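Beneath this line is the structure, given in structure tokens, with notes to follow.
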There are 2 protein chains.
Amino acid sequence: MTDDLLTENTRERLLDAAEILFANKGYRAVSIREIIRAAHCNLAAVNYHFGQKRNLYLEVFRSRWIPRARRVQDAFRKSLENNPPHSLDDIVRALTDAFIQGPLSEDERQRHHQLMAREQARPSEALELIVNEVMRPFFVEVAGLLHPFMPDDMGDDALYLYLLSMFSQILYFSFARAAVTIMTGGDYNTSSFKAHISDHIVTFCLHGFGAVVEVSK
Amino acid sequence: MTDDLLTENTRERLLDAAEILFANKGYRAVSIREIIRAAHCNLAAVNYHFGQKRNLYLEVFRSRWIPRARRVQDAFRKSLENNPPHSLDDIVRALTDAFIQGPLSEDERQRHHQLMAREQARPSEALELIVNEVMRPFFVEVAGLLHPFMPDDMGDDALYLYLLSMFSQILYFSFARAAVTIMTGGDYNTSSFKAHISDHIVTFCLHGFGAVVEVSK
DNA sequence: GTCTATAGCAGGATAGAC
DNA sequence: GTCTATCCTGCTATAGAC
């Protein structure tokens, strides 16, 4: 919860602390005072470095959220490079693994997807950023990879619905950890449960995609 | 956005206005003053009827959210009564239709699922209420319906994961309307797009469930 | 670049008239 | 049950010392 890294400079500590708090509570529910307490600095620091609270929020997306999203995408691409896909299975598996078991820690992923879920529930300028810089380009890229395995008459619009279904699950199993834990009894802090969730999503989506194309079993 | 029903008494108007605002913005982002403006009543009314802001929030779940969830569940049950399920397909279809094309209006559904998503992202006493009164009993019921169609060795824990995958999509396509609209170009206000989304979720989940049992095509 | 001090306002909650 | 008036806390933002 608290961010005790004292090594970085004030600006970076503010961004780290702000991201955690904004993800957990939402923009309005977090006060500047709360952030500067977690970042171990002074009240005026926010206004000095970011002008106003709102810009701190947007800078969290620019300098933290987007680069992290790119890291996940890179993990996906690298995985396909090392293991060129011969079937739909390979792509879906690489995709799910990158997002669920990829380069992010459990906490990092929850934070990342909580911020995204909040923006999607109540869009602001940050959603525009997310969609234009991250979501849309990635969807286009993945759609291109999937095309060879899809029926010829399938358009991108239809394909995007399948991708949204897939990401809705990745998002949900990340941001709704409490509900998932209560309903399944599983514990996200054990790596076996995490792998279990990951396998489940792969299987479900693989067959979900199988709705349009036969899945090799 | 505004709630202009002046027929009901103050208490009911407050609950109606509060639910809309809490769903759209979250608990902390909504001020009592904003609520009473929408409900066309006085500042002191909240404290008179609910003691404090927090209790108004919880009462929204008790007297609005839970009964609405029950309406959706009843629509599902009635649909199965009228059309006894002979396969997994029938149940999945009835389930999805009840939630996506059931008794709720587009706005009502978005609000309903926005509130739920917020509680799952940051649990409070209201999530306990939701899980104990609505989610868990319904999951138990649906698991019982699905059991005959599932492999003998499949436990409820595994089945719940499939249900969570299904509901994550229902939730997402409701609360993330903006992102879905941007990515697909569809318009939720047309009934054809709504039906399209519904069909998509049915198909995807049917095949997702098909991961554990053969789906009749 | 970081601090203290403070302006100025919005928030939740209450007292007491009607 | 509904209103006005008010208390007081906590908020964002800024000024100005160091």
Side-chain angles (χ1 to χ4, degrees), chain A residues 1-64 115 118 122 124-126, chain B residues 1-64 115 118 122 124-126:
Chain A
M1 184 82 191
T2 45
D3 191 64
D4 285 285
L5 293 180
L6 295 167
T7 48
E8 296 174 286
N9 59 39
T10 303
R11 192 187 139 92
E12 299 304 307
R13 285 203 318 277
L14 276 170
L15 285 165
D16 288 337
E19 184 180 21
I20 293 173
L21 289 164
F22 285 144
N24 283 338
K25 304 185 167 191
Y27 178 73
R28 281 286 301 274
V30 177
S31 68
I32 295 183
R33 286 170 157 82
E34 206 173 346
I35 296 170
I36 57 115
R37 235 175 287 136
H40 301 289
C41 69
N42 190 267
L43 183 60
V46 169
N47 286 80
Y48 175 78
H49 286 286
F50 304 97
Q52 54 177 12
K53 182 188 173 186
R54 187 74 205 164
N55 291 340
L56 168 56
Y57 179 73
L58 294 174
E59 192 58 31
V60 163
F61 280 88
R62 285 192 213 98
S63 73
R64 294 286 187 274
L115 274 174
R118 286 190 187 285
R122 183 164 182 83
S124 78
E125 309 112 284
Chain B
M1 182 79 191
T2 44
D3 192 63
D4 285 288
L5 292 180
L6 295 168
T7 48
E8 297 175 285
N9 59 40
T10 302
R11 193 189 139 92
E12 298 305 306
R13 287 205 314 281
L14 276 170
L15 286 165
D16 288 337
E19 185 180 21
I20 294 172
L21 289 165
F22 285 144
N24 283 338
K25 304 184 168 192
Y27 178 74
R28 280 286 300 273
V30 177
S31 68
I32 295 182
R33 286 171 159 85
E34 203 173 350
I35 297 170
I36 59 115
R37 234 176 288 135
H40 301 291
C41 69
N42 190 267
L43 182 61
V46 169
N47 286 82
Y48 175 76
H49 286 288
F50 304 96
Q52 54 178 11
K53 183 187 174 188
R54 188 72 204 165
N55 291 339
L56 169 56
Y57 179 73
L58 293 174
E59 192 58 30
V60 162
F61 279 89
R62 285 192 212 99
S63 74
R64 293 287 186 275
L115 275 174
R118 286 190 187 286
R122 183 162 181 84
S124 78
E125 309 110 287

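Order of the sequence lines fixes the chain letters, A, B, ..., with proteins taken first and strands second; residue numbering starts at 1 for each chain. All values derive from a computational prediction rather than experimental measurement.
Counting any heavy atom pair closer than 4.0 Å across all strands shown, R11(A) reaches no nucleic acid atom.
Residues of residues 42-51 of chain B having a heavy atom closer than 4.0 Å to DNA chain D, listed by number: N42(B), A44(B), Y48(B), H49(B).
Contacts of R33(B) classified as side chain to side chain contact (heavy atoms under 4.5 Å, CB included), with partners at least two apart in sequence or in another chain: S31(B), R37(B), L43(B). Residues forming a side-chain hydrogen bond (donor to acceptor under 3.5 Å, both in side chains) with R122(A) (at least two apart in sequence, or on another chain): none.
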Show me the side-chain donor-acceptor pairs of residues 53-61 of chain A shorter than 3.5 Å, one per line, residues at least two apart or across chains.
{"unit_1": "K53(A)", "atom_1": "NZ", "unit_2": "Y27(A)", "atom_2": "O", "d": "3.1"}
{"unit_1": "K53(A)", "atom_1": "NZ", "unit_2": "V30(A)", "atom_2": "O", "d": "2.7"}
{"unit_1": "R54(A)", "atom_1": "NH2", "unit_2": "S124(A)", "atom_2": "OG", "d": "3.1"}
{"unit_1": "R54(A)", "atom_1": "NH2", "unit_2": "E125(A)", "atom_2": "OE1", "d": "3.2"}
{"unit_1": "N55(A)", "atom_1": "ND2", "unit_2": "F50(A)", "atom_2": "O", "d": "3.1"}
{"unit_1": "Y57(A)", "atom_1": "OH", "unit_2": "E119(A)", "atom_2": "OE2", "d": "2.6"}
{"unit_1": "E59(A)", "atom_1": "OE1", "unit_2": "R62(A)", "atom_2": "NH1", "d": "2.9"}
{"unit_1": "E59(A)", "atom_1": "OE2", "unit_2": "R11(A)", "atom_2": "NH2", "d": "3.4"}

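Annotation: of the two residues near DNA chain C, C41(A) and I32(B), the 5′-most nearest-nucleotide partner is C41(A).
Here OG1 of T10(A) is found 5.0 Å from NE2 of H49(A). Values are rounded to the nearest 0.5 Å. Note that the CG atom of L115(A) and the CG atom of N24(A) stand 9.0 Å from one another [nearest 0.5 Å].
At whole-Å resolution of the value, CZ in R33(B) and P in dC11(D) are 16 Å apart. Protein atom CZ of R28(B) is 13 Å distant from nucleotide atom C1' of dT9(D), rounded to whole Å. Atom-to-atom, CD1 of I36(A) to P of dC11(D) comes out at 10 Å; the value is rounded to the nearest Å.
Using a distance-only test at 3.5 Å, with no hydrogens or angles considered, no donor-acceptor pair links the side chain of R64(A) to the main chain of E19(A). Here the side chain of N42(B) pairs no donor or acceptor atom with the backbone of A45(B) at under 3.5 angstrom.
Heavy atoms only, all atoms of each residue included: R13(B) and A39(B) are closest at NE-O, 2.7 Å.
First and last contacts of DNA chain C with chain B, using any nucleotide atom under 4.0 Å from a protein heavy atom and ordered 5' to 3', fall at dG11(C) to dA15(C).
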